[in-house]
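Written out below as structure tokens is the structure these notes cover.
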Amino acid sequence: NENKKNRYILPIFIVFLMVASGFAVIFSNPSEDSTESYKHNGILFMKKGGDWAANVQDFQLYLTYGPRDLNEVEIDPSVYELLKAEKIYYSINSKDFLGNSERDLFYNLKPAINSLTKACLADSEECKELPLKTCEDADDKTKIIVLKLSEEKRVKYENDCYVIEGNSDYLTKVVDKIVLILFGVI
């Protein structure tokens, strides 16, 4: 009788494990590793660690927003003027929290546009090692991109200076769209 009981314990335990595993798979949340992806103009965009990643022209882009998220953002065609510059500065107020806009601009464009350099709009302790650049410093060979926190959302290109104003989310969307335009994705 004792032998009969022992003979059923292992199969019952295995059946229990299989049923429990099935419930775990059915009721668990999708894992962090599940990949959201889509193609835009033939380029694969994949969600990785919260960012959209794409390989474009042998450069790995990491953006906060993918092309689908940027339809409402208007960019003037003058953005292509940036490609004609010998030197590009992106200038910020060191006290502004710019969200991911500065990161998305610098890390995506710096490998392709070696002359891209961070600058500050005004002198401050945080900027003592950086050049000071405003729109007055822009010319045919030196372009300035100004990132500014503002209540008003605005993108303006004038006198070789690209001024982007808005909240940090809007700044990031505009920057991501500029990156995608300059890489020919949009």
Side-chain angles (χ1 to χ4, degrees), residues 30-93 96-119 121 133 135 137-150 152-186:
S31 73
E32 292 285 327
D33 295 334
S34 65
T35 304
E36 184 182 348
S37 65
Y38 64 89
K39 280 193 172 193
H40 183 85
N41 289 341
I43 296 168
L44 179 64
F45 284 82
M46 295 177 60
K47 193 81 164 177
K48 289 185 178 180
D51 287 329
W52 286 100
N55 193 320
V56 182
Q57 300 174 16
D58 295 326
F59 292 100
Q60 188 65 43
L61 302 181
Y62 290 98
L63 301 165
T64 304
Y65 297 99
R68 288 182 181 170
D69 305 316
L70 303 172
N71 291 330
E72 79 281 358
V73 176
E74 296 289 324
I75 302 292
D76 189 279
S78 61
V79 72
Y80 290 106
E81 292 294 315
L82 294 171
L83 296 174
K84 298 176 183 176
E86 290 177 15
K87 184 86 173 163
I88 300 174
Y89 291 93
Y90 72 93
S91 205
I92 63 166
N93 176 342
D96 286 350
F97 174 72
L98 302 174
N100 289 340
S101 62
E102 182 182 359
R103 178 203 71 166
D104 287 5
L105 179 74
F106 185 77
Y107 289 108
N108 289 301
L109 290 184
K110 182 67 176 171
I113 303 172
N114 198 34
S115 69
L116 183 67
T117 303
K118 181 177 181 176
L121 291 167
K133 296 291 178 182
C135 287
D137 299 306
D139 60 35
D140 288 344
K141 295 180 181 182
T142 304
K143 309 294 184 198
I144 309 288
I145 300 170
V146 175
L147 299 174
K148 273 181 156 175
L149 280 184
S150 171
E152 181 186 352
K153 295 177 180 177
R154 182 171 76 121
V155 180
K156 181 178 82 170
Y157 184 77
E158 192 173 272
N159 299 325
D160 299 305
C161 185
Y162 220 99
V163 179
I164 305 165
E165 294 181 277
N167 60 36
S168 60
D169 187 53
Y170 180 74
L171 292 175
T172 304
K173 284 183 175 183
V174 171
V175 163
D176 286 359
K177 188 151 188 178
I178 288 171
V179 168
L180 292 172
I181 288 171
L182 293 179
F183 274 95
V185 176
I186 293 180

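Position 1 is the first residue of the sequence; numbering continues from there.
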Could you report the tightest heavy-atom contact between [X] and [Y], atom names first, then the distance?
| X | Y | value |
| --- | --- | --- |
| Asp160 | Ala138 | O-CB, 3.3 Å |
| Leu121 | Asn93 | CD1-N, 3.9 Å |
| Ser168 | Leu149 | N-CD2, 3.6 Å |
| Asn167 | Tyr170 | OD1-N, 2.7 Å |
| Trp52 | Gly66 | CD1-N, 3.1 Å |
| Ala53 | Lys48 | CB-CD, 3.9 Å |

*Answer whether the closest heavy-atom distance between the side chains of Val146 and Cys161 falls below 4.5 Å.*
yes
*Taking the side chain as C-beta and beyond, is there a heavy-atom pair between Asp51 and Thr64 under 4.5 Å?*
yes
Within this structure, what is the [atom1]-[atom2] distance for the pair [X] and [Y], rounded to the nearest 0.5 Å?
| X | Y | atom1 | atom2 | value |
| --- | --- | --- | --- | --- |
| Asn159 | Cys135 | CG | SG | 8.0 Å |
| Ile88 | Leu82 | CD1 | CG | 5.0 Å |
| Leu171 | Phe97 | CG | CZ | 10.5 Å |
| Lys148 | Glu165 | NZ | CD | 5.0 Å |
| Lys133 | Ile92 | NZ | CD1 | 15.0 Å |
| Ile164 | Leu105 | CD1 | CG | 7.5 Å |

Less than 3.5 Å apart, which donor and acceptor atoms pair up between the side chains of residues 108-115 and the rest of the protein, not counting sequence neighbours?
{"unit_1": "Asn108", "atom_1": "OD1", "unit_2": "Tyr62", "atom_2": "N", "d": "2.9"}
{"unit_1": "Asn108", "atom_1": "ND2", "unit_2": "Tyr62", "atom_2": "O", "d": "2.7"}
{"unit_1": "Asn108", "atom_1": "ND2", "unit_2": "Asp104", "atom_2": "O", "d": "2.8"}
{"unit_1": "Lys110", "atom_1": "NZ", "unit_2": "Asn114", "atom_2": "O", "d": "2.6"}
{"unit_1": "Lys110", "atom_1": "NZ", "unit_2": "Leu116", "atom_2": "O", "d": "2.9"}
{"unit_1": "Ser115", "atom_1": "OG", "unit_2": "Glu86", "atom_2": "O", "d": "3.2"}

*Quick one: side-chain hydrogen bond (donor to acceptor under 3.5 Å, both in side chains) partners of Asp176, sequence neighbours excluded?*
none
*Can you list the residues that meet the side-chain hydrogen bond (donor to acceptor under 3.5 Å, both in side chains) rule with Glu102, with sequence neighbours excluded?*
Tyr90, Lys118
Donor-acceptor contacts under 3.5 Å from residues 177-186 side chains, at least two apart:
{"unit_1": "Lys177", "atom_1": "NZ", "unit_2": "Leu70", "atom_2": "O", "d": "3.1"}
{"unit_1": "Lys177", "atom_1": "NZ", "unit_2": "Val73", "atom_2": "O", "d": "2.7"}

*asked:* Determine whether a donor-acceptor pair (N or O, by modelled atom type, separation under 3.5 Å) exists between the side chain of Thr172 and the backbone of Ser101.
replied: yes
*For Ile75 and Tyr162, what are the C-alpha separation, side-chain angles and deciding distance, and is it a side chain to side chain contact (heavy atoms under 4.5 Å, CB included)?*
CA-CA 11 Å; Ile75 302 292; Tyr162 220 99; 3.4 Å; yes
_Reference residue Lys87; test side chain to side chain donor-acceptor pair (under 3.5 Å); the match among Thr117, Asp139, Thr142_ = Thr117
_Residue pairs fulfilling ring pair (Phe, Tyr, Trp, His ring centres under 6.0 Å) with at least one residue in residues 69-88, sequence neighbours excluded_ = none
*Which pairs with one or both residues in residues 67-79 pass salt bridge (Lys or Arg N to Asp or Glu O under 4.0 Å), sequence neighbours excluded?*
Glu72-Lys173
